[in-house]
Amino acid sequence: MDLARRIPIRDAKGKAIVAGFVEEIRDLKNIRFLVLRDRSGILQVTAKHGEVPEEVFSQIPSLTRESVVCVEGLIVKSPIAKLGRELIPSKIEVLSKAETPLPIEFLRPEIVKTALDKRLDYRFLDLRSPKSYAIFKIQDVLSDAAHRFFKEEGFIEIHTSKLVAQATESGANVFQVDYFGRDAYLAQSPQFYKQMMMAAGFEKVFEIAPVFRAEKHHTPRHLCEYTSIDFEMSYISGPEDIMEVLEKLVIFALGEVQRRCKSELELLKVKVEMPEAPFPKITLRKAYTILEEKGVKPPYMEDLESEHERLLASIIKEETGSDFFFLTEYAWAPDSRPFYVMRKENEPDWTYAFDLFYKGLELTTGGQREHRYEKLKEQCKLKGLEPEDFRFYLDFFRYGMPPHGGSGTGLERFTMQLLNLSNIREATLLPRDPERLIP
RNA sequence: GCCCUGGUGGUGCAGCCCGGUUAACAUCGUCGGCUGUCGCCCGACGGACGCGGGUUCAAAUCCCGCCCAGGGCGCCA
């Protein structure tokens, strides 16, 4: 059969050739049904004994679920069929027969719901489910919207190396790799290179690329490898400029999903709640007092615990209706922000670093960076780091560096929160966690 | 790294507390029956106690260790 003439199920009409996976076979002896699925939809193939070629009729019971077949026939309207139309086959060709039984069930989770880790073992099968496909279709739109947004705003896309000689942030652990006998690491963030581009005078850059964190987290929101939507921009007057870009990015991306993914959203039973700019902004100090009014007492000058972040999110949601808020002016404390953040001019205990939260989960970290060489070197020492170890980075600041800032947003977290998924692995094509390296 | 919960046919679960029958049910697979199914239906059959050690006449069940999974904490996007 000529696959060049194959058309998507959704568009098929009249005499047509369609191809796809066999979703179901219902054999009633003298009338046999096949449900065929491709990316565009499903279609019932109906074969009545005596009304279709004998060869076609006898082929059907030998098929197996999820085999790949190509069917030629006539699409007819059918009031009896639930889908309203069906395909009367004149020819069926088996392109690839599926083995039985299938190792996972992935089409009707309401009947048998295979556990996530088994589904991930057979990710290629799990992804055949329209719901899985919808998640990644939406993620594609988020990522595409981000690309378009940044380009529209005058940012240029960069591609920085993921092999680095040194860890960027003191906190997270790095994966070590052997680089021809030297120690190298997988990049935890494009942070230093984005800033290098500010020194290079690129002014506005973005990168949507993988970052690596060697942390043994066992939570529904952590991965060892994730996709970071990073940007950095020069000549800002304060961290508000960064937050404004983020707000526009988020609103544009959600708008695109709403506009372009109607059927996917419906399938996943998600209604996009469009946020309005500006998003609520709460300083960390203000957050402490709000939480204290609710009877919890977070330690002063320390980052909030995730339980407190969720509580704060629910308070803000109740008061403003917003799913998003910025937590700003993080503390300049030993275990808080990295050395390269800019501290507040007149209150050096606090910084121009912020996080963006979406439905109670940290989505983005960003801020204004310290661009003054002497101050940066001093902050490096204050954090107990040796400036010589960061020579290559500190050099960026010695020959003219514009004031600048930027942020990093987790694409998978964005997808997960938007779609109310309970585990980030659902929003990750090939999740890497401390245990999983395959597939 | 720590804490909690769990691991039983291909898949999802019951049984475990209180040791002893043919390890139930659903889904799935194979075969048979059925001319409009669409979560088809009906019948037959098939298939399982994470790994290692211990207690016991006897272990899916009790004890110890390990591995894995889910969740929580730390930390983070």
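Here is the naming used below: chain letters follow the sequence lines, and residue numbers restart at 1 for every chain.
Applying the 3.5 Å distance criterion, the base of C76(B) shares a donor-acceptor pair with the side chain of H222(A). For a distance-only test at 3.5 Å, the side chain of R413(A) qualifies as a donor-acceptor partner of the base of C76(B). In the interface, the side chain of H218(A) is not paired with the base of G70(B) through any donor and acceptor atom under 3.5 Å apart.
Side-chain contact between K15(A) and L74(A) is present, with at least one heavy-atom pair separated by less than 4.5 Å.
For the pair L107(A) CG and U27(B) P, the computed distance is 16 Å after rounding to whole Å. Straight-line distance from the CZ atom of R310(A) to the P atom of G71(B): 13 Å, rounded to whole Å. Separating the CG atom of D303(A) from the C1' atom of A77(B) is a distance of 14 Å, rounded to the nearest angstrom.
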- Item | Protein-to-nucleotide contact annotation, 5' to 3' order, nucleotides 28-36 of chain B [B base; S sugar-phosphate only; - none; under 4.0 Å, heavy atom] | SS---SBBB

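Backbone-only contact: E435(A) has heavy atoms under 4.0 Å from sugar-phosphate atoms and none from a base. Using a 4.0 Å heavy-atom cutoff across all strands shown, E309(A) reaches at least one base atom of the nucleic acid. No engagement by R85(A) is indicated, since no non-hydrogen atom pair under 4.0 Å with the nucleic acid exists. Within the nucleic acid shown, E412(A) has no heavy atom closer than 4.0 Å to any nucleic acid atom. T365(A) comes within contact range of the sugar-phosphate backbone alone, with a heavy-atom separation under 4.0 Å but no base atom that close. Using a 4.0 Å heavy-atom cutoff across all strands shown, K82(A) reaches at least one base atom of the nucleic acid. Residue L223(A) is classed as a base contact, given a heavy-atom separation below 4.0 Å to a base.
Look at the C1' atom in both A69(B) and C17(B): the space between them is 23 Å, to the nearest Å. The P atoms of C25(B) and G46(B) are separated by 13 Å, rounded to the nearest whole Å. Taking atom C1' in both G9(B) and A23(B), the straight-line distance is 11 Å, to the nearest Å. Taking atom P on both nucleotides, C51(B) is separated from A60(B) by 11 Å, rounded to a whole Å. Taking atom P in both C4(B) and G65(B), the straight-line distance is 12 Å, to the nearest Å.
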Below 3.5 Å, can you tabulate the donor-acceptor pairs from side chains in residues 87-99 of chain A to any protein atom, sequence neighbours excluded?
from   : atom 1 : to     : atom 2 : distance (Å)
S90(A) : OG     : E72(A) : O      : 3.2
E93(A) : OE1    : M1(A)  : N      : 2.8
K97(A) : NZ     : S62(A) : O      : 3.2

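Of all nucleotides listed (A69(B), U11(B), U37(B)), U11(B) comes nearest to the side chain of K118(A). When distances are taken from the side chain of P220(A) to each of G12(B), G71(B), C75(B), the shortest belongs to G71(B). For V112(A), whose side chain is taken as the heavy atoms from C-beta onward, the closest listed nucleotide among U11(B), C73(B), A69(B) is U11(B).
Consecutive Watson-Crick or G-U pairs involving RNA chain B, each under 3.5 Å on both distances, make up stems of three or more pairs at B:1-7 with B:67-73, B:10-12 with B:25-27, B:28-33 with B:41-46, B:50-54 with B:62-66.
For the pair K383(A) and W332(A), the cation sits on the ring face: its NZ or CZ lies under 6.0 Å from the ring centre, inside 45° of the axis.
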